[in-house]
Amino acid sequence: MALIVQKFGGTSVADCQRIKNVVSRVTATKNAGNDVAVVLSAMAGETNRLIDLARQVQSRPDPREMDVLLSTGEQVTISLFAMAAKEMGYEARSFLGHQIPICTDATFGRARIEGIPNEAVRQVIRAGGIPVIAGFQGVTSLGDITTLGRGGSDTTAVAVAVAIGADICEIYTDVDGVYTTDPNVCAQARKIDRISYEEMMEMASLGAKVLHIRSVEFAMRYGMPLHVRSSFSDDTGTLVVEEDESMEDILVSGVTYSRQEARITVAKVPDKPGIAAGIFNQISDANVVVDMIIQNTRQGDLTDITFTVPQDDYETALEIVKRVAGQIGAEEVAGDDNIAKVSIVGVGMRNHSGVASRMFDILASHGINILMISTSEIKISCVIDEKYTELAVRALHEGFGLDQGPARK
Ligand code: ASP
Ligand code: MG
């Protein structure tokens, strides 16, 4: 007997038949003696369709109205789920974000959850019913509807799980777990049985799309175990849990990549205090998040600064830098959005040396030039020419023994 939150993604609720299948899965869990709260995404493709509609009427859609629009996708699936459950003889009740309420700040389009009272959800469970909660949406203290960012239903699920004190949060998706790398790029990718929160966080922020980053952050902060699994099979998927010692036996647990990166270089800048501040203050004022930064000194008191930004913000950042270049006396500005970032992640790196040099060797032996490098305790990232992305991912997957090595148990 456990209290379980089950979250189903867009492909799992893509049509009425699938919604009925999901109801069967939830009620089976209930019939086995558990209490269940459900969190749903919109039907697959629906959020994209809504974004497209908005762009047809306003070139840069108003953020507040955009959230009013985008939150409708989940309203459809939760109500259909509740009806289907009733049809099958179960009690279920749908909840929009403001009905719980899922309280957020007022950052439209990527709001942060600030608190969730659990009374409404608990009451339905106590009465033997199934609460069905709209993912992805919340409400501000002024009553405005917000959304949590693409993929944000995962975060709703974990936050609800924490709020009601669930034993586990199950994330049902269209793949059967978290993989050592993207199976679409590398046929040898294998499902990981157990992964630590920290590794999962790195993987999610470095390009693995299976979980919303903030959901992992939340789960880690509150020690909420996650089970990422397929809604189309009964197999166990990947458990995202607290790190334990045995996890360090494996050096690298995953290889990720992102093509959504761009690089900007400001060359021949006078080497004096305040230059980096002059550039990066303006970039952050424009809400552009800078990832890697490298500075190298030239002869004659000049320096070059190179950094990466998300590809979507490339034009904005380039414009700013061109403007600032004049003010700080930089001689050249260059940009390149045909780059990619490949990364290896693993808690095993903490206590083993030589992982970075091995990564560089593997890339070199395939003739791949490294443009930038960054490291943290449990990850190493290299920026490379975009056209080598797949080659690099496969080479690293093989080179670190992930093609056939034992999956972590
Ligand atoms: N429907 C939203 C999206 O497509 C939220 C989610 O599915 O997690 O991004
Ligand atoms: Mg998702």
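Throughout, numbering of the chain's residues begins at 1 and tracks the sequence. Remember, it's 1-based here, ligands and their atoms both numbered in the order they're listed.
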Using distance alone, determine whether [X] and ligand 1 share an N or O pair under 3.5 Å.
{"X": "Gly151", "result": "yes"}
{"X": "Asp154", "result": "no"}
{"X": "Lys7", "result": "no"}

Query raised in the report: Counting from 1, what ligand 1 atoms have a heavy atom of Ser153 closer than 4.0 Å?
Result: 5 (C), 6 (C), 7 (O), 8 (O)

Report task. Using a strict 4.0 Å cut-off to heavy atoms of Arg150, name the atoms of ligand 1 that fall inside it. Result -> 3 (C), 4 (O), 9 (O)

Query raised in the report: In terms of side-chain geometry, is the basic nitrogen of Arg229 or Asp235 positioned less than 4.0 Å from the acidic oxygen of its partner?
Result: no

Query raised in the report: Looking at Glu91 and Lys86, does any basic side-chain N land under 4.0 Å from a carboxylate oxygen?
Result: yes

Requested in this report: Determine whether any heavy atom of Gly152 lies closer than 4.0 Å to an atom of ligand 1.
Outcome: yes

Query raised in the report: Does ligand 1 have any atom sitting under 4.0 Å from a heavy atom of Glu74?
Result: yes

Query raised in the report: Do the side-chain N and O atoms of Asn184 and Tyr179 include a donor-acceptor pair separated by under 3.5 angstrom?
Result: no

**Report entry** Flag, side chain of Arg122 to backbone of Ile164, donor-acceptor distance under 3.5 Å
**Finding:** yes

Just distance, no hydrogens or angles: give the donor-acceptor pairs under 3.5 Å from side chains in residues 100-109, sequence neighbours left out.
from, atom 1, to, atom 2, distance (Å)
Thr104, OG1, Thr146, OG1, 2.8
Asp105, OD1, Thr107, N, 3.2
Asp105, OD1, Thr107, OG1, 3.2
Asp105, OD1, Arg112, N, 3.1
Asp105, OD2, Thr107, OG1, 3.3

Query raised in the report: Is ligand 1 under 4.0 Å from a heavy atom in the side chain of His212, in the backbone, in both, or in neither?
Result: neither

**Report entry** Pairs flagged by ring pair (Phe, Tyr, Trp, His ring centres under 6.0 Å) wherever residues 143-178 is involved - sequence neighbours left out
**Finding:** Phe8-Tyr172

Query raised in the report: Among Gly149, Gly45, Ala42, Ser41, which residue places a heavy atom closest to atom 7 (O) of ligand 1?
Result: Ser41

